[in-house]
Visitor: 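My questions all concern the structure below.
Per chain, numbering begins at 1; letters A, B, ... match sequence-line order. Keep in mind that what you see is a predicted model, and the values were worked out from it rather than measured.
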Amino acid sequence: MNIEKLPTQQENFSEWYNQVIQRAELADYAPVRGCMVVRPYGWAIWENIQKALDQRFKETGHVNAAFPLFIPMSFLEKEKEHIEGFAPELAIVTIGGGQTLEEPLVVRPTSETVIGHMYAKWIKSYRDLPVLINQWANVVRWEMRTRLFLRTLEFYWQEGHTAHETAQEGQEETLRMLDVYADFAINEAAVPVVKGRKSESEKFAGADTTYSIEAMMGDTRALQSGTSHNLGQHFAKAFNIQYLDRNNELQYCWTTSWGLSTRFVGAIIMAHGDDQGLILPPRLAPIQVVIVPIYKNDEEKAAVLPVAEKIEKALSAFRVKLDAREEMTPGFKFNDWELRGVPLRIEIGPKDVAKEAVMLARRDIPGRDGKISIGIEGLAEKVGDLLVEIQAALLQRATDFREAHTTTPSDYAGLQEAVQNGWALAHWCGNPECEANVKEDTKATIRNIPFEMQGESGKCIICGAPATDKVIFSKAY
RNA sequence: CGGGGUGUAGCGCAGUUGGCAGCGCGCUGCGUUUGGGACGCAGAGGUCGGCGGUUCGAGUCCGCCCACCCCGACCA
């Protein structure tokens with residue numbers, strides 16, 4: 001392990017990001033360019049994300065299934081916008097079993113097409129609707145520039161695919177799942193997000209409308225953290241997903257899709273981390289409490305270790321780890337677990353044993369300010385309270401940070417200035433040219449058109465034309 | 001695909017005019033340590049990215065190739 005300090009977020013945020021991931025053993029670079037290995041600690045975070053989301057999917061009536069990795073090339077070509085959008089980033093298999101394939105197989109970049117094909121077989125009647133299926137899967141998109149978790153050639157995600165009787169039901173489903181994502185982000189990951197609609201240029205290839213949740217990272221850039229698409233009847237028409245309605249008339253279904261990926265692990269890292277390393281939200285942290293025993297000799301060890309073990313048992317309701325490694329000093333362990341973002345640390349040494357107490361150290365409050373001595377009696381309850389408190393504090397801090405770095409410039413010069421270090425809220429007339437100009441001039445894009453600001457009319461900050469949409473401009477990952 | 005850069009131990013790097021393959025961290029063993037990143041001693045670990053050329057001799061010079069990184073066009 002490299003014992004040197006991390007670069008600070010201030011001096012080099014992206015280097016801080018890369019190093020914290022590798023040193024905390026979340027992920028490592030794979031032998032293939034642009035691919036990553038998710039290591040056990042990183043995967044444990046993903047598993048906790050999966051649990052929190054899967055539970056919400058089930059509660060809203062969805063079931064899981066698995067669709068194949070390979071998709072016939074011709075399937076993607078059936079929806080014009082879809083193939084145009086994805087063509088540049090497809091991985092295509094042309095040889096199988098030593099033979100050149102008659103039809104190339106695409107490694108799925110997303111599964112609307114195969115799933116649409118199957119839905120056409122399965123759906124006959126309005127009685128078959130709605131179909132509410134999700135799958136947990138890996139997908140491949142051949143990206144030019146990659147970053148661990150944020151953009152890799154292969155990534156893990158869930159993709160929900162639903163089919164409905166009416167346009168309205170489709171729209172309701174699209175927004176329902178966006179709400180599920182926002183609820184997850186805020187209440188499980190403590191990452192504040194803004195729900196909104198994507199502009200035409202940023203929407204999913206083949207969607208009527210794309211919605212997203214956008215979060216601000218520690219360097220003020222935006223990260224699209226989850227998306228929900230109203231696909232209208234595009235895929236239903238491309239794949240003949242039809243049903244007989246109540247009047248015995250053949251109708252096309254209305255479909256949706258929605259996804260959240262391992263990119264969200266990157267969101268957690270960048271939204272909460274500090275110069276010491278990760279800070280994981282208690283609800284998703286693989287280890288919520290780490291116990292570090294402290295002793296100088298065998299005598300002290302004999303006094304301390306059994307108590308530490310007793311505490312470990314007393315805290316079995318939490319994800320707790322006793323770090324009894326002999327070959328490391330307590331000081332090393334403190335730094336090590338801080339790097340790994342464990343929300344709460346318990347230090348127990350001879351002095352504490354004598355007092356029948358322990359030291360509790362909060363990860364979100366560095367140094368002595370975050371430490372308190374507390375009696376062993378009723379410790380579990382106190383730990384539970386503190387974890388809830390830390391979870392809330394992380395959300396509050398991230399929200400405050402976002403607000404402190406969000407401005408409402410009044411003219412174009414102000415906008416250009418504002419997006420250099422933060423989000424800018426401003427009116428936009430809806431013209432793609434204005435959007436493109438901002439990107440050209442500043443590298444910032446329209447992240448989304450927030451629901452909460454709809455209905456405020458004004459003048460386009462770029463061209464001055466009347467505008468009904470107020471949008472977030474920001475540099476993004 | 002364009003522009004720039006780097007390939008030497010697991011990681012980070014040094015290697016002079018061409019002359020025995022090195023340093024720091026990490027790793028292994030033993031001992032001393034342990035309340036905020038301990039120390040000593042002894043070890044293990046190399047196709048110097050690959051192929052070819054020049055030379056008595058190449059990590060070093062020349063040519064070709066390969067890989068990766070950074071910047072741009074694309075993106076959850």
Visitor: For the pair A:W157 and A:F155, name the ring-plane relationship: parallel under 30°, tilted 30 to 60°, perpendicular over 60°.
Guide: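 Plane angle over 60°, so perpendicular.
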
Visitor: How long is the line joining CG of A:N335 and C1' of B:G35, in whole Å?
Guide: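 In whole Å, B:G35 C1' and A:N335 CG are 13 Å from each other.
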
Visitor: Return the 5'-most residue of the pair A:E202, A:E338 with respect to RNA chain B, ranking by each residue's nearest nucleotide.
Guide: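 So the residue in question is A:E338.
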
Visitor: How many Å lie between CZ on A:R147 and P on B:C69, as a whole number?
Guide: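 Computing the A:R147:CZ to B:C69:P distance gives 12 Å.
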
Visitor: Does A:R263 qualify as a cation-pi partner of A:F149, given the criterion of NZ or CZ under 6.0 Å from the six-membered ring centre and within 45 degrees of its axis?
Guide: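 Because its charged atom misses either the 6.0 Å distance or the 45° angle limit, A:R263 does not stack over A:F149.
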
Visitor: Can you tell me how far P of B:A76 sits from NE2 of A:H82, to the nearest Å?
Guide: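 Atom-to-atom, A:H82 to B:A76, this comes out as 12 Å.
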
Visitor: Considering only residues two or more places apart or on different chains, which pairs with a residue in residues 208-227 of chain A satisfy ring pair (Phe, Tyr, Trp, His ring centres under 6.0 Å)?
Guide: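 Pairs touching residues 208-227 of chain A that pass the test: A:Y211-A:F451.
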
Visitor: When all nucleic acid strands are considered with a 4.0 Å heavy-atom cut-off, which category describes A:R325: base, sugar-phosphate, or nothing?
Guide: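 Since no nucleic acid heavy atom lies under 4.0 Å of A:R325, the category is nothing.
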
Visitor: With a 4.0 Å cut-off on heavy atoms, is A:G349 in touch with a base, just the backbone sugar-phosphate, or nothing at all?
Guide: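 Since a base atom lies under 4.0 Å of A:G349, the category is base.
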
Visitor: On a whole-Å scale, what distance lies between the C1' atoms belonging to B:G46 and B:U17?
Guide: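 Nearest-Å result for B:G46 against B:U17 at atom C1': 26 Å.
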
Visitor: Starting at CG of A:D28, measure out to SG of A:C35 and round the result to the nearest 0.5 Å.
Guide: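 Answer for the CG-SG pair, A:D28 versus A:C35, is 12.5 Å.
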
Visitor: Which nucleotide, B:G35, B:A76, B:G36, lies nearest any side-chain atom of A:S261?
Guide: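 The answer is B:A76, which lies nearest to the side chain.
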
Visitor: Closest-nucleotide mapping onto RNA chain B: is A:G226 or A:P350 further toward the 5' terminus? I mean the 5' end.
Guide: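 Looking at the nearest nucleotide for each, A:P350 comes out on the 5' side.
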
Visitor: Would you state whether a donor and an acceptor, one from the side chain of A:K371 and one from the base of B:G36, lie under 3.5 Å apart?
Guide: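 Between B:G36 and A:K371, which were checked side chain against base, a qualifying N/O pair under 3.5 Å is present.
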
Visitor: Hey, could you give me each pair passing ring pair (Phe, Tyr, Trp, His ring centres under 6.0 Å) that has a residue in residues 178-205 of chain A? Not counting sequence neighbours.
Guide: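 Every ring pair (Phe, Tyr, Trp, His ring centres under 6.0 Å) pair that includes a residue of residues 178-205 of chain A, provided the two are not neighbours, is A:H82-A:F204, A:F86-A:F204, A:F184-A:F264, A:F204-A:H229.
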
Visitor: Give the C-alpha distance, both sets of side-chain angles, the deciding distance and a yes or no for side chain to side chain contact (heavy atoms under 4.5 Å, CB included) between A:I49 and A:I268.
Guide: CA-CA 11 Å; A:I49 291 172; A:I268 292 169; 4.1 Å; yes

Visitor: Between A:K333 and B:U34, is there a contact of a side-chain N or O with OP1 or OP2 at under 4.0 Å?
Guide: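 For A:K333, the contact criterion (side-chain N or O under 4.0 Å from OP1 or OP2 of B:U34) is not met.
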
Visitor: When the distance from CD of A:Q19 to P of B:C25 is rounded to whole Å, what number comes out?
Guide: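 Atom CD in A:Q19 sits about 18 Å away from atom P in B:C25.
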
Visitor: Take the protein atom CD of A:E327 and the nucleotide atom P of B:G29, then report the distance between them rounded to whole Å.
Guide: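 Checked: the CD to P distance equals 10 Å.
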
Visitor: Rounding to an integer number of Å, can you tell me how far A:N18 CG sits from B:C69 P?
Guide: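 It works out to 11 Å between those atoms.
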
Visitor: Using the benzene-type ring in the case of Trp, are the ring centres of A:W258 and A:H62 under 6.0 Å apart?
Guide: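 Yes; A:H62 has its ring centre under 6.0 Å from that of A:W258.
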
Visitor: Pick the C1' atom in B:C61 and in B:G26, then give their distance to the nearest Å.
Guide: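 It comes out at 35 Å once rounded to the nearest Å.
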
Visitor: Looking at the side chain of A:M144, which of B:A76, B:C74, B:G36 is the nearest nucleotide?
Guide: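 Within the option list, the nearest is B:C74.
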
Visitor: Roughly how many Å is it from CD in A:E440 to P in B:G72, rounded to a whole number?
Guide: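 One finds 13 Å between P of B:G72 and CD of A:E440, rounded.
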
Visitor: Distance between the P atoms of B:C48 and B:A9, in whole angstroms?
Guide: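 Taking atom P in both B:C48 and B:A9, they lie 10 Å apart.
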
Visitor: Starting at atom CZ of A:R345, determine the distance to atom C1' of B:G35, rounded to an integer number of angstrom.
Guide: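 For the pair A:R345 CZ and B:G35 C1', the rounded distance is 10 Å.
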
Visitor: Take atom P in B:U16 and the same atom in B:G52, then report the distance between them in whole Å.
Guide: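 Nearest-Å result for B:U16 against B:G52 at atom P: 25 Å.
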
Visitor: Phosphate oxygens OP1/OP2 of B:A38: is one of them under 4.0 Å from a side-chain N or O of A:T329?
Guide: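 Result: yes.
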
Visitor: Under 6.0 Å from the CD atom of A:E417, do we count more than 12 heavy atoms belonging to anything else shown?
Guide: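 Atom CD in A:E417 is not crowded, with 12 or fewer foreign heavy atoms closer than 6.0 Å.
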
Visitor: Quick check on contacts: within residues 280-313 of chain A, what sits under 4.0 Å from RNA chain B by heavy-atom distance?
Guide: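 Those residues whose heavy atoms fall under 4.0 Å from RNA chain B, taken from residues 280-313 of chain A in numerical order, are A:I294, A:Y295, A:K296.
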
Visitor: For the C1' atoms, the ones on B:U8 and on B:G59, what distance do you get once it is rounded to whole angstrom?
Guide: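 Looking at atom C1' only, B:U8 and B:G59 are 7 Å apart.
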
